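Since the structure comes first, as structure tokens, the remarks are kept for the end.
For clarity, every value in this text was computed on a predicted model and none was experimentally measured.
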Amino acid sequence: MENKVCRVALIGRPNVGKSTLLNNILKYNLSIVTNVAQTTRDLIKGIYTDKNYQIIFYDTPGIHKGLIYYLKD
Ligand SMILES: Nc1nc2c(ncn2[C@@H]2O[C@H](COP(=O)(O)OP(=O)(O)OP(=O)(O)O)[C@@H](O)[C@H]2O)c(=O)[nH]1
Ligand SMILES: [Mg+2]
């Protein structure tokens, strides 16, 4: 069977559990989890591997209101 790869970006407001979700999917503590908003500052890549497919997850710093306002100016 042909192997398949897809990419998933975890995007959302700070402190909503993006890194927790990634760690639970991978069953590995890859990305730092704290109760402090904006803990993830850089793009973290984690690869879930199954028999016939791989999913590349991108844990992101998320979406910040300040940045959106900045881009509009
Ligand atoms: N009650 C509850 N708390 C959660 C859940 N998922 C994550 N948390 C908690 O929420 C806090 C933030 O979790 P993170 O995974 O660091 O959140 P994040 O979206 O990656 O945060 P940033 O990297 O700062 O944007 C931690 O204290 C987690 O333990 C959940 O499903 N339920
Ligand atoms: Mg995070």
Side-chain angles (χ1 to χ4, degrees):
M1 188 192 244
E2 189 183 335
N3 289 344
K4 295 189 171 144
V5 175
C6 79
R7 293 175 169 80
V8 173
L10 300 171
I11 298 168
R13 297 298 306 276
N15 219 29
V16 293
K18 302 179 295 295
S19 300
T20 303
L21 177 63
L22 175 65
N23 291 346
N24 276 278
I25 291 169
L26 297 179
K27 297 182 176 59
Y28 185 81
N29 286 332
L30 177 70
S31 197
I32 299 172
V33 169
T34 71
N35 59 2
V36 179
Q38 298 186 33
T39 295
T40 304
R41 305 305 296 254
D42 299 300
L43 193 67
I44 306 287
K45 281 176 258 180
I47 302 174
Y48 178 89
T49 302
D50 207 303
K51 199 175 169 197
N52 297 317
Y53 66 89
Q54 289 184 307
I55 305 172
I56 304 171
F57 286 95
Y58 298 98
D59 187 16
T60 71
I63 297 170
H64 301 258
K65 271 190 175 172
L67 180 63
I68 293 166
Y69 293 147
Y70 174 76
L71 291 173
K72 276 183 185 167
D73 287 342

* For Asp50, what residues pass the side-chain contact (heavy atoms from CB on, under 4.5 Å) criterion, not counting sequence neighbours? -> Tyr48, Tyr53
* To do: Treating Ile, Leu, Val, Met, Phe, Trp and Tyr as nodes and any side-chain heavy-atom pair under 4.5 angstrom as an edge, say whether Leu43 and Val5 lie in one connected cluster.
  => yes
* Indicate yes or no: at least one non-hydrogen side-chain atom of Ile56 is less than 4.5 angstrom from one of Val8. => no
* Asked: Can you name the closest pair of heavy atoms from Thr34 and Asn15 and give their distance?
  -> O-OD1, 3.6 Å
* Asked: Can you tell me how far the CD1 atom of Ile47 sits from the CZ atom of Arg7, to the nearest 0.5 Å?
  -> 9.0 Å
* All side chain to side chain donor-acceptor pair (under 3.5 Å) counterparts of Gln38, not counting sequence neighbours -> none
Scan the side chains in residues 16-25 for donor-acceptor partners under 3.5 Å anywhere in the protein, sequence neighbours excluded, and list what turns up.
residue	atom	partner	partner atom	Å
Lys18	NZ	Arg13	O	3.0
Ser19	OG	Ser31	OG	3.3
Ser19	OG	Thr40	OG1	3.0
Ser19	OG	Asp59	OD2	2.5
Asn23	OD1	Leu30	N	3.1
Asn23	OD1	Ser31	N	3.0
Asn23	ND2	Ser31	O	2.8
Asn24	ND2	Thr20	O	2.7

* Asked: Are Ile55 and Tyr58 joined in one hydrophobic group, where the rule is that I, L, V, M, F, W and Y side chains link up if heavy atoms are under 4.5 Å apart?
  -> no
